[in-house]
Each structure stands twice: as C-alpha cells, then as structure tokens.
Amino acid sequence: MELAVRAAAASCSSYPSLQRAGVPRRLRRSPGLPPLPARRVAVAAAIAVDPLQDIKTEKNDVSKTEVFACPVCYEPLIRTGPPGMNLSAIYRSGFKCSKCNKSFTSKDIFLDLTVTSGTKEYSELKPARTELFRSPLVSFLYERGWRQNFNLSGFPGRDEEFQMAQDYFEPVAGGILVDVSCGSGLFARKFATSGAYSSVIALDFSENMLRQCYDYIKQDDTPLNTNLALVRADISRLPFASCSIDAIHAGAAIHCWPSPSNAVAEISRVLRPGGIFVGTTFLSSPTNSGPFSSGALRPLRQIVGPVNSSYNFFTEGELEDLCRSCGLVNYSSKVQRSFIMFSGQKPS
C-alpha cells in the first residue's frame, strides 16, 4: 500500500496553470488563492430533472476525460456526448476506456463506473453492512429519520456538520469535490448549491441511494443548473485519475466500508497534491464495541471478532494512524461524544 501511495504522489508533480480565457467569473478563485488547474473547470450546462425530458445541449463531442478513469485499469475514459459535469450532459454521454475498451453508460439516472457495470450473468454479494444500504427501504428512510438519530451519539446535525466540513475544505475552494458514500445526497446537494466548488460528484455503491438523491434534487431547492453528477462506484476502486480531485468528503461512512485501509489508500491516490479528505464516523465505545472499545483488550477484537459484526468502529488514534499510513498529513479532528470529524491532506 505504501509503495502505491508513493507512486501516485510521484505522478502528481506538475499541474497546468488556469487559462482565464473563456472561464466564467463564478468559477474563478478569490484573490489571494493559488491558481486553479484547468482540469477543475466544469462546463456550465443545464440539468434536466427528468432524464427523458427534451433539452437543448451542445453538439456531441469526443474527448478524453480529465477526471473519470476506468475502474479496471485506471486509464482515462473516452467520452462521447455533450460536455459538462452535470446530470443532463453525463446522462447523454457514453464512456469507454482508452485501454481495455470497457464501456460505461448512464442507463439509469447515474453513471455506473463499477467493475461489474455491464455484466449480464455475474453477480456478487457484498458484506451485510453494504447490502443493507442498497435496500430500497433503508434508502427511503435514510433522510426520513435514520440519519437524524445520529444526534444521539453526538453528531451535530446537518447544517453544523456541513459548515464544519466547509471550514476544512476552504483551502481547496473552487476545485472538484467528491462526496463518497453520499447516501441520498444529504451533503452532496449542499456542497453543490454552496457555489464553493467547480463540480460536485455524488458517489455511492447503492443504486437506490442514488435514486433517492435524484428524487431529492427534483423536490428540494437544488437549482436546475447545479454542477452535480451522480456516479455509482466502489469506494475501494475509485474511478478517477490519480491526483485529479481536490476535496473528498465521507460522512458517517468509514465504519461501513468493507476495507477502510483500501478505501483511504484510494482516496489518497485520487487526491491532488494539497487535496483534503474529511470524514465523520462513530468512535469506538463500550456501546458499539463492548469490552474491546479501547485499552489493553482492544487488540483482542482481531481474535474474537467485533462484538457488532455489522460495522467497524475505530479509536481516534486508529483513524489518525490509518490516514498517516496512507500518505495523508496534517491530520486533525473534532470530537463530540462518539462523533468525530477527522481530516487529512495529500502532501503538496
């Protein structure tokens, strides 16, 4: 893992400066901030809240994407269709790997960039904690009471949690943000409407969570021209080029991931130099981890297995150690009872 992180960092040694010509003023950085790489500028276009709705788009184009990569070989995807990082443009585009020729489309309201996209016979089951959130019922309930109950463990609530994350992301304002394990888009929609990012990608493995996110986009006050894309992908196989993403958010997610170490290593790979990762989760406690929550008995959980077999809960020290082992620096955190927001940065 350490060699992979170093290799990814080595491939990110240079970035082009922002070409101001033709870039909308709202996508330019504020005075005093570093120049914005050209790859972070998203083409402004209208979002269709109904994929089948007739809209006017620019003439189809064929180009190599600067962000999306094949989840099989990590080579850039060739995109055919209207440009733009938004629902309507991506829905009308086709994507194909420049190396292995695997194709990806948006037959649903999201772009499926999983390894198994397009398979006809093969299927596989993920761990119970992953399959739980693919359920239509859990996806429907997530913003209708499920997530609100997190305040019993110290989670500060959507608005305050969002602002805390925004404070961490301030150094990379104007760049591309990916909300991994976005669920029903609780925070992805707020990031998109904040105007602080050139593009926001709501990413989840659950098809039904992404459908719920789409339904909320149609219902709430998300502007129709929001630069928000919906992508289905595996957190341990992120479909992005190395060093292409400025900010990654993972709200109440890491305890659900099958392999947190693989996932954070992937996050480190795709972050650009100076990019920031922010996550929240439940700290390990006697309530969720029994006698193995901390102290001398903590290592024994590897032998007897977790008391709660559905989730992985960590101590603050373990989260910091994980971030550092995956090449992230400047670790910091904020704790409120069992709630923790932690952050790491890709070295510049």
Side-chain angles (χ1 to χ4, degrees), residues 12 14-45 47 66-68 84-86 156 158-182 185-203 217 221-223 225-231 238 240-251 253 267-280 323 328-334 341-348:
C12 308
S14 64
Y15 276 80
S17 61
L18 175 65
Q19 301 298 317
R20 290 293 186 184
V23 178
R25 184 175 299 276
R26 64 184 179 82
L27 294 182
R28 300 181 186 178
R29 286 203 169 193
S30 303
L33 288 177
L36 184 66
R39 70 174 58 202
R40 300 184 214 161
V41 178
V43 178
I47 283 185
E66 296 179 322
V67 175
F68 293 133
M85 189 70 75
N86 54 71
R158 181 190 185 192
D159 292 341
E160 184 177 347
E161 192 175 332
F162 168 75
Q163 190 54 56
M164 290 168 65
Q166 285 286 76
D167 292 343
Y168 275 117
F169 288 138
E170 186 175 357
V172 292
I176 299 174
L177 179 144
V178 179
D179 187 18
V180 298
S181 297
C182 69
L186 182 70
F187 291 100
R189 304 193 309 272
K190 288 185 72 68
F191 286 128
T193 57
S194 70
Y197 310 97
S198 62
S199 298
V200 174
I201 299 172
L203 181 150
I217 290 173
D221 58 355
T222 305
N225 63 346
T226 301
N227 50 342
L228 174 63
L230 304 183
V231 173
L238 292 175
F240 304 116
S242 296
C243 307
S244 62
I245 305 299
D246 300 276
I248 294 182
H249 175 260
I267 288 170
S268 180
R269 177 185 69 82
V270 304
L271 280 175
R272 71 168 180 86
I276 294 173
F277 167 50
V278 174
T280 62
C323 288
L328 301 179
V329 298
N330 298 330
Y331 176 89
S332 64
S333 64
K334 298 177 182 178
M341 176 175 282
F342 61 97
S343 176
Q345 187 174 33
K346 183 79 165 284
S348 300

| said: Is there a side chain to side chain contact (heavy atoms under 4.5 Å, CB included) between Ile248 and Leu271? Walk through the geometry before answering. | reply: CA-CA 8 Å; Ile248 294 182; Leu271 280 175; 3.9 Å; yes

| request: For Phe277 and Tyr168, run ring pair (Phe, Tyr, Trp, His ring centres under 6.0 Å): C-alpha distance rounded to whole Å, both residues' side-chain angles, the deciding distance at 0.1 Å, then the answer. | output: CA-CA 9 Å; Phe277 167 50; Tyr168 275 117; over 10 Å; no

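Using a distance-only test at 3.5 Å, with no hydrogens or angles considered, a donor-acceptor pair links the side chain of Gln345 to the main chain of Gly274. Listed for the Arg269 side chain is no donor-acceptor partner under 3.5 Å among the backbone atoms of Cys243. Side chain of Lys346 to main chain of Gly275: no donor-acceptor pair is present (N/O by atom type, distance under 3.5 Å, no hydrogens or angles). Using modelled atom types, one side-chain atom of Thr193 and one backbone atom of Arg189 make a donor-acceptor pair closer than 3.5 Å.
With a 4.5 Å cut-off on side-chain heavy atoms, Leu228 and Ile217 count as touching. The shortest distance between side-chain heavy atoms of Asp246 and Leu177 does not fall below 4.5 Å. At a threshold of 4.5 Å between non-hydrogen side-chain atoms, the residues Ser198 and Ile176 count as touching. Between Leu203 and Cys182 the shortest side-chain heavy-atom distance does not fall below 4.5 Å. The closest side-chain heavy-atom distance from Ile245 to Arg272 is not below 4.5 Å.
Looking at residues two or more places apart in sequence or on another chain, you find a side chain to side chain contact (heavy atoms under 4.5 Å, CB included) between Ala165 and Phe169, Phe191, His249, Val278, Met341. Residues meeting the side chain to side chain donor-acceptor pair (under 3.5 Å) test with Glu160, sequence neighbours left out: none. For Ser194, the side chain to side chain contact (heavy atoms under 4.5 Å, CB included) partners at least two apart in sequence or on another chain are Phe162, Gln166, Ala196, Tyr197. By the side chain to side chain donor-acceptor pair (under 3.5 Å) test, Ser348 is found to be paired with no residue, residues two or more places apart in sequence or in another chain being considered.
Under the 3.5 Å distance criterion, with hydrogens and angles disregarded, no donor-acceptor pair is assigned to the side chains of Gln163 and Asp159.
Summarising the geometry, atom CZ belonging to Phe342 is positioned 10.5 Å from atom OG belonging to Ser332; distances are rounded to the nearest 0.5 Å.
Taking both residues in full, the closest heavy atoms of Pro347 and Val329 are given as CG-CG1, 3.9 Å, listed atom of the first, atom of the second, then distance. The shortest non-hydrogen separation linking Ala188 to Asp179 is N-OD2, 3.1 Å. Minimum interatomic distance between Ile201 and Phe240 (heavy atoms only, all atoms of both residues): CD1-CE2, 3.8 Å. Residues Ser199 and Met85 approach most closely at OG-CB, 3.6 Å, considering heavy atoms.
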